[in-house]
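First the structure, in the form of structure tokens, and then the observations on it.
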Amino acid sequence: MKAYLLPKNKMAIECRPSDSKIVRRTVPGVRWSSTKNLWYASLSRITGTAVLALPGVECAEDLIKAVESAKCSLLVRPFPPSYSPKTVPYKHQLSGMAHLYGRDRSAVVSEPGTGKTKMAIDAMSAMHIDGLVSAVLIACPVSVRNTWLREFEMHCPVPYRVQMVSSTKDPDRPDFNGLNVLIVGVESLAAGGAYERCLAYMLMDTVPPHKRLMVVDEAHLIKTHNAKRTVNAKMLGSRCKYRWFLTGTPIANSIGDLYSLFDFLDPNIIGLPSYGAFMERYAVYGGYNNYQVVDWMNTDEILEATHPYMFKALKKDCLDLPPKVYVSREVMMEKEQERIYKALKKDKLSGNITTKGSLDLALRLHQVAGGWTPEMLPTGEVVGMAPVSIVILEALPSKHD
């Protein structure tokens with residue numbers, strides 16, 4: 001049995017027919033070429049290691065070196081003790097900051113409420129102070145873009161300039177003498193315009209490649225391997241030396257969700273050349289026509305490969321987090337609002353507002369309590385909402401105020 005390297009990151013395996021079953025069972029993603037009478041596979045950490053482990057195989061020297069270089073090296077650097085945060089971090093946030101700072105490829109998979117955004121801002125600020133990062137691309141849900149703006153204002157201790165990707169205007173050049181930040185909605189990456197603007201921003205000559213960082217917030221939104229937003233996020237990430245993702249649910253549905261997330265960080269972490277090869281190695285098929293994934297196998301292998309890159313914090317383990325504080329406030333209805341509410345509750349109608357049942361009544365009462373009444377045509381068709389002014393009285397005092 002012989003194995004050697006081919007162009008375009010491929011490997012070839014020559015063997016006797018009696019050894020073909022061993023090759024097929026041992027090497028993930030291997031394919032038979034009937035024209036050349038040999039097995040071939042894409043080179044990666046897992047496939048290359050599997051080929052080297054074949055019994056009695058003779059491997060070419062260049063293949064052995066290629067397998068070693070395909071392994072994802074984990075560079076860990078210590079967090080600078082001189083860094084002074086703008087806001088005091090909790091204990092688990094210190095650990096998360098050190099984890100992000102210390103690795104070029106890193107992930108925070110902590111529960112909501114543990115402060116993932118602060119960890120990322122402090123870590124990138126420390127990296128900027130040390131001359132490691134000058135431009136940051138943040139891909140986050142459109143609904144939390146303003147949250148990132150507020151978090152930068154609250155937590156960032158270094159000079160910074162934040163821009164948002166617009167559909168009508170290209171972002172300014174990242175030539176600010178501080179931390180340059182560009183925020184894009186991860187959903188917008190499915191559109192060519194937003195992707196092109198982000199790519200042009202990161203490739204400007206004012207930012208050297210070794211000083212670029214990309215962060216994907218709520219990274220479970222790129223878990224679908226062939227979605228356009230996922231493909232474009234990976235392309236942008238490949239232009240950056242540093243890549244992080246943040247999420248509270250790295251495995252939203254199954255182990256298969258990990259492939260795209262870690263393929264964004266670095267394809268060599270999992271070490272399989274494609275999603276098909278990933279599923280072939282880890283998925284157990286059954287059900288209708290054997291097309292359904294009914295279970296997963298070799299899960300210890302993938303969890304062992306991804307564990308060094310993940311920082312995890314559960315709220316129950318963060319003993320220094322303050323408990324949630326609930327404050328009750330009483331708001332009185334305005335006279336006209338109260339009149340409509342009582343009329344609806346008593347007679348199920350008020351003026352031109354009618355109800356057709358208990359569910360419809362509950363909806364109308366809720367709308368009136370919220371400050372709105374449905375404007376209806378004589379036919380009963382709802383055509384709009386009219387505001388009812390509300391006077392908010394002084395809230396009752398609370399011990400938490």
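Since we're looking at a predicted model, the values are computed, not measured.
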For [X], check side-chain contact (heavy atoms from CB on, under 4.5 Å) against everything at least two apart and list the hits.
X      : answer
Ser166 : Thr168, Lys169
Ser274 : Ala277
Lys36  : Ser33, Leu38
Val284 : Val294, Asp295, Met297

Does Glu336 pair with Arg339 as a salt bridge, N-O distance under 4.0 Å?
yes
Could you tell me whether Arg24 atom CZ has more than 12 heavy atoms of other residues or ligands within 6.0 Å of it?
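Result for CZ/Arg24: open.
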Filter on salt bridge (Lys or Arg N to Asp or Glu O under 4.0 Å), then keep only pairs touching residues 116-126, sequence neighbours left out; what's left?
Lys118-Asp122
If you look only at pairs with a residue in residues 263-292, which of them pass as a salt bridge (Lys or Arg N to Asp or Glu O under 4.0 Å), with sequence neighbours excluded?
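Listed by first then second residue: Arg31-Glu280, Arg105-Asp266, Lys234-Asp263, Arg281-Glu301.
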Has [X] got a side-chain atom pairing as donor or acceptor with [Y]'s backbone, closer than 3.5 angstrom?
X      : Y      : value
Ser188 : Val184 : no
Glu58  : Ala3   : no
Arg229 : Glu187 : no

Can you list every pair that meets ring pair (Phe, Tyr, Trp, His ring centres under 6.0 Å) and has a residue in [range], with sequence neighbours left out?
range            : value
residues 130-172 : Phe152-Tyr160
residues 33-75   : Trp32-Trp39
residues 98-131  : Phe79-Tyr101

Kindly assign one of parallel, tilted or perpendicular to the pair Tyr309 and Phe262, based on the angle between their ring planes and the thresholds 30° and 60°.
perpendicular
Parallel, tilted or perpendicular: rings of Phe278 and Tyr282 (30°, 60°)
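Ring orientation of Tyr282 relative to Phe278: tilted.
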Let me have the donor-acceptor pairs involving side chains of residues 61-69, under 3.5 Å, with sequence neighbours excluded, atom names and distances please.
unit_1: Glu68; atom_1: OE2; unit_2: Lys71; atom_2: NZ; d: 3.3
unit_1: Ser69; atom_1: OG; unit_2: Lys65; atom_2: O; d: 3.4
unit_1: Ser69; atom_1: OG; unit_2: Ala66; atom_2: O; d: 2.8

For residues 199-215, the side-chain hydrogen bond (donor to acceptor under 3.5 Å, both in side chains) pairs (sequence neighbours left out) are Arg173-Asp205
Between Gln93 and Thr87, does the side-chain contact (heavy atoms from CB on, under 4.5 Å) criterion hold? Intermediate values first, please.
CA-CA 11 Å; Gln93 290 175 333; Thr87 54; over 6 Å; no
Side-chain donor-acceptor contact under 3.5 Å, His220 with Thr247:
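Per modelled atom types, His220 and Thr247 side chains form a pair under 3.5 Å.
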Residues at least two apart in sequence or cross-chain that pass salt bridge (Lys or Arg N to Asp or Glu O under 4.0 Å) with Asp170, listed by chain then number, are Arg197
Quick one, Val207 with Met202, criterion side-chain contact (heavy atoms from CB on, under 4.5 Å). Give me CA distance, side-chain angles, the key distance, then yes/no.
CA-CA 7 Å; Val207 180; Met202 298 305 289; 5.7 Å; no
